[in-house]
Amino acid sequence: MKLNERSLAFYATCDSPADNAGFLYKRGERHTAYHRRWFVLKGNMLFYFEERESREPVGVIVLEGCNVELCESAEDFAFAIRFGGAKSRTYVLAAESQAAMESWVKSLSRASFDYMRLMVRELEKQLEEMRWGMAGGCGGCRGSPGSWKPKLSEPERSLERLPALPAILPKENGCAVWNNVPAADRPRDTSGCGGHDDEENPRPPPLPPRRRASSGEVVSSRAVVMESSSTFCQLHERYGREVARLRQDWLERRRGPRP
């Protein structure tokens with residue numbers, strides 16, 4: 001596995017929350033002496049620093065394909081991280097107390113993606129069993145847990161019975177027409193009023209017949225027009241005289257009193 005040192009250093013020291021952090025004693029690879037290091041667990045990566053205030057980690061352990069178990073050692077509260085393979089390294093760590101050791105063993109055992117995958121499968125199984133249990137109490141529901149479906153309410157069932165809306169609605173005179181009956185099941189319209197033609201295309205509705213006005217109506221309409229025009233002329237002349245009189249008074253007041 002090829003890792004980017006800068007990316008790992010940034011991830012180890014960034015403000016993202018850690019799954020666990022604290023001091024542990026780490027046994028050296030060549031020498032059996034233990035060194036006190038500051039450990040930070042983030043996801044499936046276990047970083048360790050020389051000091052708590054160190055800016056860069058000394059190393060990192062990728063917790064994939066490993067087992068965390070207790071072991072016998074010169075130090076108390078020791079546990080080991082063992083990887084599969086003949087040449088794989090075993091990391092021996094020791095905590096400062098029994099509670100700290102149990103906390104680290106639990107968090108390290110749950111850090112790998114394999115554990116997360118198993119947890120997701122178990123949760124999916126429990127969810128499926130819960131759904132099957134709910135379906136079993138709905139009054140004689142039968143079937144496998146995978147075929148269970150939630151019971152629909154009356155409005156939802158009525159919505160399911162509605163026919164599907166066509167992708168493109170036909171139009172008559174520029175307006176969309178709602179028609180849920182397929183062309184094969186629709187009775188042929190023989191009245192000639194709208195409907196569809198032989199090619200199942202929407203036929204526009206016929207225009208209403210024009211109503212012819214009688215001679216009496218024509219004469220009365222003309223009289224109304226003449227009367228309205230004469231009334232307008234009378235009003236125009238009346239208000240025109242009023243405006244002229246007001247204008248004359250205004251001009252006289254503007255000139256002032258005569259000597």
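What you see below is based on every heavy atom in this structure, not just the backbone, and it leaves out hydrogens, waters and symmetry mates. Quantities reported herein were computed from a predicted structural model and do not represent experimental measurements.
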**OP:** Return yes if some donor-acceptor pair links the side-chain N/O of D19 with the main-chain N/O of G43 below 3.5 Å, else return no.
**Re:** yes
Original post:
Do side-chain atoms of E64 reach the backbone of F113 as a donor and acceptor pair under 3.5 angstrom?
Top reply: yes
Closest contact, heavy atoms only, [X] versus [Y]:
{"X": "A18", "Y": "V40", "value": "CB-CG1, 3.9 Å"}
{"X": "K42", "Y": "A12", "value": "NZ-O, 3.6 Å"}
{"X": "L63", "Y": "A111", "value": "CD1-CB, 3.8 Å"}
{"X": "V68", "Y": "S109", "value": "CB-OG, 3.7 Å"}

Value rounded to 0.5 Å, distance of [atom1] in [X] from [atom2] in [Y]:
{"X": "H35", "Y": "R27", "atom1": "NE2", "atom2": "CZ", "value": "11.5 Å"}
{"X": "Q248", "Y": "R253", "atom1": "CD", "atom2": "CZ", "value": "11.0 Å"}
{"X": "E51", "Y": "R36", "atom1": "CD", "atom2": "CZ", "value": "8.0 Å"}

pair [X]-[Y]: side-chain heavy atoms closer than 4.5 Å:
{"X": "F49", "Y": "T13", "value": "yes"}
{"X": "L93", "Y": "F39", "value": "yes"}
{"X": "N20", "Y": "S103", "value": "yes"}
{"X": "S88", "Y": "R82", "value": "no"}
{"X": "E96", "Y": "F23", "value": "yes"}
{"X": "I81", "Y": "L46", "value": "yes"}
{"X": "F47", "Y": "Y11", "value": "yes"}
{"X": "L8", "Y": "M45", "value": "yes"}

Subject >> Non-neighbouring partners of F77 that pass ring-ring contact (aromatic ring centres under 6.0 Å, His included), sequence neighbours left out >> reply: none
Subject >> Non-neighbouring partners of W104 that pass ring-ring contact (aromatic ring centres under 6.0 Å, His included), sequence neighbours left out >> reply: none
Grouping I, L, V, M, F, W and Y whenever their side-chain heavy atoms are under 4.5 Å apart, do [X] and [Y] come out in a common cluster?
{"X": "Y25", "Y": "L108", "value": "no"}
{"X": "M119", "Y": "M130", "value": "no"}
{"X": "F10", "Y": "W38", "value": "no"}
{"X": "M116", "Y": "I61", "value": "no"}
{"X": "F79", "Y": "Y91", "value": "yes"}

Original post:
With the threshold set at 4.0 Å, does a side-chain nitrogen-carboxylate oxygen contact exist between R245 and D249?
Top reply: yes
Subject >> Residue R89 excluded, over 12 heavy atoms near CZ under 6.0 Å >> reply: yes
Original post:
When you look at CD of E56, are more than 12 heavy atoms from neighbouring residues, nucleotides or ligands closer to it than 6.0 Å?
Top reply: no
Original post:
Looking at residues at least two apart in the chain, or sitting in another chain, which of them share a salt bridge (charged side-chain N to carboxylate O under 4.0 Å, His left out) with E102?
Top reply: none
